[in-house]
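Please read all numbers here as calculations on a predicted model, not as lab measurements. Atoms considered below: every heavy atom in the structure, side chains included; atoms not considered: hydrogens, waters and symmetry mates. Counting starts at 1 for both ligands and their atoms, following the listed order.
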Amino acid sequence: MNQGKSLNTNVPGNFYVTSACINCDQCRQIAPHTFSEVANLSAVTNQPNEYHEVIKAFYALISCPTGAIGSEQKDGLSTAIQDFPLPIIDNIYYCGFTSRHSWGASSYLILHPEGNWLIDSPRWSPQLVKRIEEMGGIKYIFLTHQDDVADANKYAKRFQAERFIHALEKESQPDAEHVIQGMDSIQWHTDYKFIMVPGHTKGHMVFLYRNKYLFSGDHLAWDNELNGLSAHRDVCWFSWKTQTESMERLAKEKFEWILPGHGNRVFLSQLEMKNAMVKLIEQMKS
Ligand code: SF4
């Protein structure tokens with residue numbers, strides 16, 4: 001059920017954005033053909049005609065954290081719901097169904113033979129739960145920081161999953177099964193490393209998978225407009241100096257993918273990533 005009134009910035013047609021939009025950017029990332037930013041909110045600036053574009057617009061509708069996307073016709077909606085979690089690469093999936101409590105942050109599912117990981121949390125959705133169950137459930141939930149926990153407690157309870165969160169973020173999940181202490185990185189498994197990157201918040205962590213995929217929470221993202229990596233001082237809640245130092249430490253790690261909570265995902269070669277990190281750190285220090 002969508003919320004709010006249709007904006008007059010939408011072009012006429014099936015899909016529309018309402019005044020409930022919080023400008024989280026999810027719809028523009030998922031269906032850039034259909035949605036654009038207009039006057040600091042999203043709007044439908046091209047109605048989708050091709051079937052695959054219609055499905056993407058439904059993906060955006062499903063993922064919108066505030067129910068701010070509506071459609072007159074629902075043909076394709078149930079198919080789109082069934083598609084979640086959406087495959088990204090290898091055994092990594094985008095969960096969609098973002099939560100207003102995490103300002104529409106992305107969450108991810110990693111399928112692993114020793115137990116699946118949920119990285120940050122979507123909003124509670126019975127349809128998503130059913131699909132995740134069919135994919136083997138969730139054994140572990142890694143929470144990058146307190147802002148993006150959303151409905152992690154419900155997913156943990158439903159799947160008997162163990163949550164990981166840093167001690168300095170524990171207020172958001174007081175009954176988490178694993179509370180990480182200190183600021184040293186932890187190689188939890190040959191495939192997974194927890195890296196402490198305080199700055200955005202005091203106990204922010206990122207999750208490095210197979211030295212290739214970095215689940216970066218709100219520490220780091222790609223910015224399509226800048227065509228570069230980005231970190232945001234205006235949403236740095238703890239310390240920009242500390243976040244910059246964390247970025248310098250993180251630059252010593254090897255990774256090729258960045259999968260953030262907010263902002264765009266990106267794949268770069270290791271050399272391109274190193275160069276992009278150097279450039280970002282210079283910008284953060286200026
Ligand atoms: S996903 Fe929803 S809240 Fe986010 S920008 Fe789009 S319409 Fe707005």
K.L.:
Could you tell me if the ring centre of Phe207 sits under 6.0 Å from that of Phe164?
P.N.:
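Here the rings of Phe164 and Phe207 have centres that are no less than 6.0 Å from each other.
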K.L.:
Should Ser269 and Glu272 be marked as a side chain to side chain donor-acceptor pair (under 3.5 Å) after you check the CA-CA gap, both sets of side-chain angles, and the distance that decides it?
P.N.:
CA-CA 5 Å; Ser269 70; Glu272 289 169 330; 3.2 Å; yes
K.L.:
What pairs with Arg233 under salt bridge (Lys or Arg N to Asp or Glu O under 4.0 Å), at least two apart in sequence or on another chain?
P.N.:
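Applying salt bridge (Lys or Arg N to Asp or Glu O under 4.0 Å) to Arg233 gives none.
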K.L.:
Are the aromatic ring centres of His166 and His204 under 6.0 angstrom apart?
P.N.:
no
K.L.:
Are Phe15 and Phe58 close enough that their ring centres sit under 6.0 Å apart?
P.N.:
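For Phe15 and Phe58, the ring centres are under 6.0 Å apart.
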K.L.:
Are Tyr140 and Trp188 an aromatic pair by the rule of ring centers under 6.0 Å?
P.N.:
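Here the rings of Trp188 and Tyr140 have centres that are no less than 6.0 Å from each other.
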K.L.:
Protein N/O/S atoms under 2.8 Å from atom 4 (Fe) of ligand 1: how many?
P.N.:
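Under the 2.8 Å cut-off, the count stands at 1.
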